[in-house]
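Notes follow the structure.
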There are 2 protein chains.
Amino acid sequence: MFDPLAGDSGTGTLTIAEAAAATGVSTHTLRYYERAGLMRDPVARATSQHRRYSADDIRWVTFLTRLRTTGMPIREMARYARLAGAGEGNEAERLALLTEHRRRVLERLDEVQRNLAAIDKKIAVYQERIDR
Amino acid sequence: MFDPLAGDSGTGTLTIAEAAAATGVSTHTLRYYERAGLMRDPVARATSQHRRYSADDIRWVTFLTRLRTTGMPIREMARYARLAGAGEGNEAERLALLTEHRRRVLERLDEVQRNLAAIDKKIAVYQERIDR
DNA sequence: CTAGGACCTGGAGCGCACTCCAAGTCAAAA
DNA sequence: TTTTGACTTGGAGTGCGCTCCAGGTCCTAG
């Protein structure tokens with residue numbers, strides 16, 4: 001049976017399946033992200049060697065998904081994770097990374113919007129052709 | 001040497017290299033798109049068997065790039081190309097395809113914008129932490 | 001006549017981000 | 001004690017969209 005506290009001794013952590021449910025990424029992907037160096041530090045383990053995700057881990061993964069959804073490559077996320085995992089002192093570098101990402105996202109958004117506008121025109125043409 | 005009219009007899013068509021320059025996609029990709037069934041009809045050939053792109057082909061490829069840039073998968077572009085290549089009578093279906101694409105693009109734009117807003121907050125936090 | 005360069009083809013290779021597999025471990029229920 | 005099922009691992013496989021390769025043809029310039 002499913003036991004949310006299995007091996008957890010009531011410390012409020014989540015199993016990988018629960019973390020997957022909480023973040024919306026698959027368990028496969030959670031392991032993949034860890035292997036790819038996206039977790040700052042390796043996820044904690046129960047005595048059974050099973051992963052135990054803290055609330056902080058969940059928040060981190062959630063932020064990772066925001067970076068992914070906006071198109072940041074895994075390599076760059078790994079770089080950001082390395083910086084974040086190194087502790088204080090590199091905030092400027094982290095800021096630069098995020099700011100540059102933001103710039104690219106806005107650029108891309110603009111490109112998509114411009115292309116969508118052209119598609120909209122085509123749609124209007126079909127619409128009119130059909131209405132007649 | 002480069003000769004824009006090579007084998008062209010002045011019919012105003014473009015070689016694959018020129019078509020690539022005109023549309024911004026590589027010659028590799030132009031051939032790939034044709035193989036993938038994205039060209040409605042096979043591109044015309046000179047007697048040398050070299051491709052000759054018409055102004056209409058160029059416009060079509062340009063539109064294809066708009067679909068691609070906005071995230072339409074090649075499979076769906078192929079479906080659209082099949083409809084467009086079949087001549088008149090399926091305008092409603094083409095319209096539905098484009099309209100559905102448009103809906104998904106807007107959905108995706110919204111998702112990206114929401115996630116970018118969350119990243120912006122993080123940027124603001126770093127900005128403030130550094131300003132102090 | 002030869003060399004160069006743009007083009008042709010089928011098919012292989014690549015980078016990315018997962019996604020899955022096989023064989024094994026572990027804890028708890030039956 | 002056996003079974004169940006969630007988990008573990010390293011590594012293989014997948015789908016996508018190109019991108020490139022090898023070997024060949026054709027046309028033009030020298």
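Reckoned from all heavy atoms, side chains included, excluding hydrogens, waters and symmetry mates. Since the model is a prediction, treat every value here as computed from it, not as a measurement. Note on naming: letters A, B, ... go to the chains in the order of the sequence lines (proteins, then strands), and numbering restarts at 1 for each one.
The side chain of A:Arg45 contributes no N or O atom lying less than 4.0 Å from OP1 or OP2 of C:dC26. Side-chain nitrogen and oxygen atoms of A:Arg51 include at least one within less than 4.0 Å of the OP1 or OP2 phosphate oxygen of D:dT8. OP1 or OP2 of C:dC21 has not a single side-chain nitrogen or oxygen of A:Arg31 nearer than 4.0 Å.
Residues B:Leu97 and A:Ile130 are members of one and the same hydrophobic cluster, defined by side-chain heavy-atom contacts under 4.5 angstrom among Ile, Leu, Val, Met, Phe, Trp and Tyr.
Within the 3.5 Å criterion, the main-chain N or O of B:Gly89 finds a donor-acceptor partner in the side chain of B:Glu91.
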Yes or no on side-chain contact (heavy atoms from CB on, under 4.5 Å) for B:Thr99 and A:Tyr126, after CA distance, side-chain angles and deciding distance? CA-CA 10 Å; B:Thr99 303; A:Tyr126 278 126; over 6 Å; no

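Note: CE (A:Met77) to P (C:dC18) measures 8 Å, nearest angstrom. If you measure from atom CZ of B:Arg52 to atom P of C:dC7, you get 8 Å, rounded to the nearest angstrom. A straight line from CD1 of A:Ile16 to P of C:dC20 spans 14 Å, rounded to a whole angstrom. Atom-to-atom, NE2 of A:His50 to C1' of D:dT8 comes out at 6 Å; the value is rounded to the nearest Å. For the pair B:Gln49 CD and C:dG5 C1', the computed distance is 19 Å after rounding to whole Å.
Each end of the helix from C:dC1-D:dG30 to C:dA30-D:dT1 gets its own rotation axis from five pairs of C1' atoms, and the angle between them is 20° to the nearest 10 degrees.
Ion pairing of B:Glu111 with B:Arg108 is present here, as a side-chain N (NZ or NE/NH1/NH2) and a carboxylate O approach within less than 4.0 Å. The residues B:Arg40 and B:Asp56 are annotated as salt-bridged, a charged nitrogen and a carboxylate oxygen being separated by less than 4.0 angstrom.
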Annotated protein contacts, base or backbone, on nucleotides 10-23 of chain D with a non-hydrogen cut-off under 4.0 Å, one of B, S, - each: BB-----BBBB---

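In this model, no donor atom of one side chain and acceptor atom of the other lie less than 3.5 Å apart for B:Thr65 and B:Thr62.
Proximity of B:His50 to B:Arg52: side-chain heavy atoms (C-beta onward) are separated by under 4.5 Å at one or more points.
Between A:Tyr80 and A:Trp60, the angle of the ring planes stays under 30°, which puts this pair in the parallel group of the 30/60° scheme.
For B:His101, the side-chain contact (heavy atoms from CB on, under 4.5 Å) partners are A:Ile119, B:Leu67, B:Thr70, B:Met72, B:Arg104, B:Val105, not counting sequence neighbours.
Residue contacts shown for B:Ala17 are limited to sugar-phosphate atoms, with no base heavy atom under 4.0 Å away.
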